[in-house]
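Encoded as structure tokens, the structure appears first; notes follow it.
Fair warning: this is a prediction, and the values are worked out from it, not measured in the lab.
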Amino acid sequence: LYTSSRAVKVSFNRPYALAGPTAAGVGRGGGLFNWEYPLVRFLERGGWDVSYATDDDVDQDPSILLHHALDMAAGHDEYWSKPMRDGWEAARAAGVNLAFMGANTGYWQIRYEDAGRTIVSYKYSPDPDPDLTNKTVQFRQLPVPRPECALEGVQFAGNVSYGQYFDYTIDPGGAKDPWFTGSGLLTGAVLPGLVGYETDTVAPRCRVPPVTPLLSS
């Protein structure tokens, strides 16, 4: 999906790319260790009762999202199918808590072929599928738009500097936030490499669901 010329169908029957940021998107082997693995380590170390599912697990049976108190996406979960988006919305409607731990989640709509072995994503090329709800465009560009912010509260805004990670410096307001109590983080403290190269934002005029702020802005 990222080569030139760009493919519109990619198969799981091939080796995963294990490079860095150039392996972005579905099937990014490098991304597994950049994003998912650190979160798994954090959850396992904390002793939470946690189970795991892949995107194609959710595509094949979205009802698995209904069986938990909290569903969490690790972040940069950029490519979702229609059944996945429907499943996340159904989970929210059923009262399941949702957490999106990074930017650029549920951005492009894809679909699966060959019993889940092939991902279809026409992106910027005309998609021949006659079902308008199934077009492989950005969710916010569907004939009846489904912007990410309508589910997540925020949505992808763009790149800061592709492939680069920046330091996060605690400002005076952040240092006073109850979230940091007991952390030892004071004004001017620096957390190196925490800020990723892609960002979400609160989108103006987006009809977002009722949101309870748990941390801070």
Subject >> Beyond-backbone contact of D56 with Y112, side-chain heavy atoms, under 4.5 angstrom >> reply: yes
**OP:** Please name all residues satisfying side-chain hydrogen bond (donor to acceptor under 3.5 Å, both in side chains) with Y124, sequence neighbours left out, ordered by chain then number.
**Re:** none
**OP:** Give the minimum heavy-atom separation between Q155 and A203, together with the two atoms involved.
**Re:** NE2-CB, 3.8 Å
**OP:** Heavy atoms only: give me the nearest I170-A175 pair and the separation to one decimal.
**Re:** CG2-N, 3.5 Å
Original post:
Are F12 and L1 connected in the hydrophobic side-chain network, where two residues link if heavy atoms are under 4.5 Å apart?
Top reply: yes
**OP:** Verify whether the ring centers belonging to Y197 and Y165 lie closer than 6.0 Å.
**Re:** yes
Original post:
For Y122, does its backbone N or O pair with a side-chain atom of T136 as donor and acceptor, under 3.5 Å?
Top reply: yes
Original post:
At their closest point, which heavy atom of A91 faces which heavy atom of L98, and how far apart are they?
Top reply: CB-CD2, 4.4 Å
Original post:
Do F100 and W88 have their ring centres less than 6.0 Å from each other?
Top reply: yes
Subject >> Those residues that, when tested against T187, pass side-chain hydrogen bond (donor to acceptor under 3.5 Å, both in side chains) (two or more places apart) >> reply: none
**OP:** Flag the pair Y79 / S121 as yes when at least one side-chain heavy-atom distance between them is below 4.5 Å, and no otherwise.
**Re:** yes
Subject >> Joint hydrophobic cluster, Y2 plus V10, side-chain heavy atoms closer than 4.5 Å >> reply: yes
Original post:
Hey, is CE on M101 packed in by over 12 heavy atoms from elsewhere, all under 6.0 Å?
Top reply: no
Subject >> Any residue meeting side chain to side chain contact (heavy atoms under 4.5 Å, CB included) with L194, in chain and number order, not counting sequence neighbours >> reply: Y168, L191
**OP:** Mind listing the closest non-hydrogen atom pair of V195 and D167 along with its distance?
**Re:** CG2-O, 4.0 Å
Subject >> D49 CG: over 12 foreign heavy atoms closer than 6.0 Å >> reply: no
Original post:
About how many Å separate CD of E152 and CG of D77, when rounded to the nearest 0.5 Å?
Top reply: 9.0 Å
Original post:
Can you name the salt bridge (Lys or Arg N to Asp or Glu O under 4.0 Å) partners of K135, sequence neighbours left out?
Top reply: none
Original post:
W80, V8: one ILVMFWY side-chain cluster at the under-4.5 Å cut-off?
Top reply: no
Subject >> E148 versus G106, closest heavy-atom pair with distance >> reply: CG-O, 3.2 Å
Subject >> Listed once per pair and sorted, the disulfide bond (SG atoms under 2.5 Å apart) pairs that draw on residues 49-102, sequence neighbours left out >> reply: none
Original post:
When you measure from the side chain of Q109 to the backbone N and O of T133, does any donor-acceptor pair fall under 3.5 Å?
Top reply: yes
Original post:
Any side-chain heavy atom of L39 within less than 4.5 Å of one from M72?
Top reply: yes
**OP:** Would you mind listing every salt bridge (charged side-chain N to carboxylate O under 4.0 Å, His left out) that reaches into residues 88-101, with sequence neighbours excluded?
**Re:** R85-E89, E89-R146
Original post:
N104 side chain to E78 main-chain N or O, any donor-acceptor pair under 3.5 Å?
Top reply: no
Original post:
If you look only at pairs with a residue in residues 42-130, which of them pass as a disulfide bond (SG atoms under 2.5 Å apart), with sequence neighbours excluded?
Top reply: none
Original post:
Less than 4.5 Å apart, any side-chain heavy atom of Y107 and any of H76?
Top reply: no
Subject >> Pairwise side-chain contact, H67 with V96, heavy-atom cut-off 4.5 Å (strictly under) >> reply: no
Original post:
Can you find a pair of side-chain heavy atoms, one from L142 and one from V144, that are under 4.5 Å apart?
Top reply: no
Original post:
How would you list all residue pairs meeting disulfide bond (SG atoms under 2.5 Å apart) that involve residues 65-109, not counting sequence neighbours?
Top reply: none
Original post:
Is there side-chain contact between F156 and R140, with at least one heavy-atom pair below 4.5 Å?
Top reply: yes
Original post:
salt bridge (charged side-chain N to carboxylate O under 4.0 Å, His left out): which pairs involve residues 57-76, sequence neighbours left out?
Top reply: none
Subject >> Residues, nucleotides or ligands: over 12 heavy atoms within 6.0 Å of F42 CZ >> reply: no
Original post:
What pair of heavy atoms forms the shortest contact from T105 to G75, and how long is it?
Top reply: OG1-CA, 3.9 Å
Original post:
Can you tell if the side chain of L65 reaches within under 4.5 Å of the side chain of V58, non-hydrogen atoms only?
Top reply: yes
Original post:
By side-chain hydrogen bond (donor to acceptor under 3.5 Å, both in side chains), which residues pair with R117, not counting sequence neighbours?
Top reply: N13
Original post:
So which pairs with a foot in residues 95-113 pass salt bridge (charged side-chain N to carboxylate O under 4.0 Å, His left out), sequence neighbours left out?
Top reply: K9-E113, R111-D127, R111-D129
**OP:** Write out all pairs satisfying disulfide bond (SG atoms under 2.5 Å apart) with one or both partners inside residues 178-208, taking only residues at least two apart or from two chains.
**Re:** C149-C206
